[in-house]
Amino acid sequence: MFHILLTWLITTISFLIISKLPLGIEIDSFKKAAIAAVVFGILNAILLPILSLFTFPLIILTVGLFFFILNAIIFALAAYLVEGFRLRWGFWSALSGSIALAIINSILLNIVARIT
């Protein structure tokens with residue numbers, strides 16, 4: 001349970017960090033970032049396996065690069081569902097935001113894993 005809460009907190013912080021970068025992502029507050037982290041995590045857990053199954057030929061054809069597109073779709077859907085989480089430039093903000101979220105989340109999780 002502690003691991004889930006820690007991952008949620010780190011993802012929330014990652015959302016706040018990417019909202020400060022010039023990627024066209026706007027998040028109103030810490031509360032909205034926390035809600036966005038929950039929604040993004042749930043959508044990722046539910047939709048990514050389903051979308052991966054249906055787009056498997058594209059994933060193979062692009063040597064896995066289509067996962068970036070799938071992640072951007074889930075990121076954009078989370079922005080659509082959470083009030084106060086906006087994408088200024090549409091799909092391009094979602095694509096750059098999802099890549100930035102993955103990088104920042106990985107770095108922060110790695111730092112925390114070394115501490116604990």
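Position 1 is the first residue of the sequence, and the numbers go up from there. The shown structure was predicted, so the numbers you read here are calculated from the model rather than taken from an experiment.
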- Co-membership, hydrophobic cluster, residues Leu65 and Phe91, 4.5 Å side-chain: yes
- Query: Are Phe56 and Ile74 in one and the same hydrophobic cluster, where Ile, Leu, Val, Met, Phe, Trp and Tyr link if side-chain heavy atoms are under 4.5 Å apart?
  - Reply: no
- Is any side-chain heavy atom of Ser14 less than 4.5 Å from a side-chain heavy atom of Ile10? yes
- Item | Distance, nearest 0.5 Å, that separates CG of Asn44 from CG of Leu70 | 9.5 Å
- Ring center gap for Phe85 and Phe15 short of 6.0 angstrom: yes
- Message: Does Glu83 have more than 12 heavy atoms from other residues, nucleotides or ligands lying within 6.0 Å of its CD?
- Response: no
- Message: According to side chain to side chain contact (heavy atoms under 4.5 Å, CB included), who are the partners of Ile13, at least two apart in sequence or on a separate chain?
- Response: Leu9, Ile17, Leu108
- Message: Would you compute the distance between atom OG of Ser96 and atom CH2 of Trp89 and round it to the nearest 0.5 angstrom?
- Response: 7.5 Å
- Task: Inspect the surroundings of CH2 in Trp92 and state if more than 12 heavy atoms from other residues, nucleotides or ligands are less than 6.0 Å away.
- Result: no
- Item | Co-membership, hydrophobic cluster, residues Met1 and Leu109, 4.5 Å side-chain | no
- Query: Does the side chain to side chain contact (heavy atoms under 4.5 Å, CB included) test come out yes or no for Phe66 and Ser52, once each step is laid out?
  - Reply: CA-CA 9 Å; Phe66 196 73; Ser52 298; over 6 Å; no
- Between Ala94 and Ala76, which heavy-atom pair has the shortest distance, and what is it? CB-CB, 3.9 Å
- When rounded to the nearest 0.5 angstrom, what is the spacing between CD1 in Ile99 and CD1 in Ile18? 11.0 Å
- For the side chain of Trp8 and the backbone of Ala37, is there at least one donor-acceptor N/O pair under 3.5 Å apart? no
- CD1/Ile27 to CD1/Ile35 distance, rounded to the nearest 0.5 angstrom? 11.0 Å
- Can you find a pair of side-chain heavy atoms, one from Leu43 and one from Leu48, that are under 4.5 Å apart? no
- Minimum heavy-atom distance between Ser29 and Leu16, given as atom pair plus value: O-CD2, 4.0 Å
- Query: Would a hydrophobic clustering, with Ile, Leu, Val, Met, Phe, Trp and Tyr connected at side-chain separations under 4.5 Å, put Leu21 with Phe40?
  - Reply: yes
- Spacing of Lys20 atom NZ and Glu26 atom CD [to the nearest 0.5 Å]: 10.5 Å
- Heavy-atom distance under 4.5 Å between the side chains of Leu47 and Leu77, does that happen here? yes
- Task: Search all heavy atoms of Ile50 against all heavy atoms of Ile46 and return the closest pair with its distance.
- Result: CD1-O, 3.4 Å
- Message: Under 4.5 Å between side-chain heavy atoms, counting indirect links through other Ile/Leu/Val/Met/Phe/Trp/Tyr residues: same cluster for Ile73 and Tyr80 or not?
- Response: yes
- Query: Less than 4.5 Å apart, any side-chain heavy atom of Asp28 and any of Arg86?
  - Reply: yes
- In terms of heavy-atom contacts, Arg88 and Ser93 come closest through N-OG, 3.9 Å
- Task: Can you measure from CG (Leu58) to CG (Leu51) and round to the nearest 0.5 angstrom?
- Result: 11.5 Å
